[in-house]
Amino acid sequence: MKMGRESTWGWGLSAVAVAAGYWQWGWRGVLLALTLVAFWLLLQFSRALRVLRQAASAPVGTVPSAVMLHARLRVGLPMAAVLPITGSLGRKLSGEPETFEWSDTSGARVVAVFGDGRLASWNLVRPPEEPPSDPP
């Protein structure tokens with residue numbers, strides 16, 4: 001499993017907190033630092049579950065407006081940040097690279113490609129326009 005930059009920073013700061021706790025207060029400082037690290041991990045886990053619960057309550061691959069979703073996306077967003085924007089889990093199109101799709105009621109859809117858990121690119125696909133009908 002590949003660790004991201006945020007994960008490396010988080011574990012590094014945890015190690016610094018444990019070392020600082022030991023240097024400052026001995027074993028009591030280590031216990032305090034480990035308690036804080038455990039609390040932080042529980043907060044992150046709770047946040048991830050809340051995002052997934054919200055996304056799972058909507059139909060898979062649907063959004064209110066694909067155009068608005070397209071406007072709010074930006075390169076580098078983690079999947080955990082895209083899910084609250086969409087409000088639903090995406091319909092998986094392929095596994096490598098991870099490609100997901102969200103569509104709205106008008107038929108417009110956004111196809112998003114993720115690399116290492118971050119948004120790499122996306123594309124708005126509009127339905128073909130019907131030619132205007134001639135009046136009788």
Side-chain angles (χ1 to χ4, degrees):
M1 185 170 134
K2 190 174 182 180
M3 285 181 48
R5 187 179 325 153
E6 293 86 6
S7 180
T8 304
W9 274 100
W11 287 113
L13 288 174
S14 298
V16 168
V18 170
Y22 180 75
W23 178 69
Q24 219 34 11
W25 297 292
W27 67 269
R28 289 184 183 110
V30 170
L31 188 60
L32 175 64
L34 291 176
T35 302
L36 292 175
V37 169
F39 180 67
W40 179 255
L41 289 173
L42 285 172
L43 284 175
Q44 295 303 312
F45 182 71
S46 173
R47 178 177 162 225
L49 283 180
R50 186 173 49 248
V51 167
L52 289 174
R53 190 178 313 119
Q54 176 208 1
S57 66
V60 173
T62 60
V63 290
S65 171
V67 175
M68 292 303 295
L69 170 61
H70 174 71
R72 293 185 66 190
L73 294 177
R74 63 182 187 277
V75 173
L77 277 177
M79 177 64 97
V82 172
L83 289 179
I85 294 171
T86 62
S88 70
L89 300 171
R91 188 175 305 109
K92 191 168 188 174
L93 299 179
S94 72
E96 199 54 47
E98 286 187 312
T99 307
F100 295 91
E101 172 187 77
W102 289 270
S103 60
D104 62 13
T105 55
S106 73
R109 58 193 176 100
V110 173
V111 178
V113 179
F114 289 85
D116 292 330
R118 296 195 169 272
L119 186 60
S121 65
W122 68 97
N123 188 23
L124 175 65
V125 180
R126 294 181 188 255
E129 292 186 25
E130 296 180 20
S133 59
D134 293 329

Through direct or indirect side-chain contacts below 4.5 angstrom among Ile, Leu, Val, Met, Phe, Trp and Tyr, which residues connect to Val30?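 Noted: Val30 shares its cluster with Val18, Tyr22, Leu34.
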Co-members of Val60 in a cluster of I, L, V, M, F, W and Y side chains, linked at under 4.5 Å: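 Grouped by the 4.5 Å side-chain rule, Val60 forms a cluster of one, so the answer is none.
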Of all pairs that satisfy ring pair (Phe, Tyr, Trp, His ring centres under 6.0 Å), the ones with a partner from [range], not counting sequence neighbours:
| range | result |
| --- | --- |
| residues 72-97 | none |
| residues 95-114 | Phe100-Phe114 |
| residues 76-99 | none |

Do Val67 and Val110 share a hydrophobic cluster (ILVMFWY, side-chain heavy atoms under 4.5 Å, transitive)?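 In one cluster with Val67: Val110, yes.
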Please tabulate, for side-chain N and O atoms in residues 76-94, each donor-acceptor pair with protein atoms closer than 3.5 Å (sequence neighbours left out).
from  : atom 1 : to     : atom 2 : distance (Å)
Thr86 : OG1    : Val82  : O      : 3.4
Thr86 : OG1    : Leu83  : O      : 3.0
Thr86 : OG1    : Ser88  : N      : 3.3
Thr86 : OG1    : Ser88  : O      : 2.8
Ser88 : OG     : Thr62  : O      : 2.7
Arg91 : NH1    : Glu101 : OE1    : 2.8
Ser94 : OG     : Pro97  : O      : 3.0
Ser94 : OG     : Thr99  : OG1    : 3.1

Could you name each residue pair satisfying salt bridge (Lys or Arg N to Asp or Glu O under 4.0 Å) that touches residues 17-42, not counting sequence neighbours?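 Found none.
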Sequence neighbours left out, what pairs pass side-chain hydrogen bond (donor to acceptor under 3.5 Å, both in side chains) with at least one residue falling in residues 63-83?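 Passing the test, one end in residues 63-83: His70-Trp122.
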Ala120 and Val75: which non-hydrogen atoms are nearest, and at how many Å?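 Nearest heavy atoms, Ala120 then Val75: O-CG2, 3.8 Å.
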For the residue pair Ala108 and Ala66, what are the closest heavy atoms and their distance?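 The pair with the smallest heavy-atom distance is O-CB, 3.6 Å.
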Who are the side-chain contact (heavy atoms from CB on, under 4.5 Å) partners of Ser121, not counting sequence neighbours?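 Ser121 satisfies side-chain contact (heavy atoms from CB on, under 4.5 Å) with Val113 once adjacent residues are dropped.
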Checking the side chain of Asp116 only, and the main-chain atoms of Arg118 only, is there a donor and an acceptor separated by less than 3.5 Å?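 A pair under 3.5 Å: no.
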Counting only pairs under 3.5 Å, give me each side-chain donor-acceptor contact of residues 35-55, with atom names and distances, residues two or more places apart or in other chains.
from  : atom 1 : to    : atom 2 : distance (Å)
Thr35 : OG1    : Leu31 : O      : 2.8

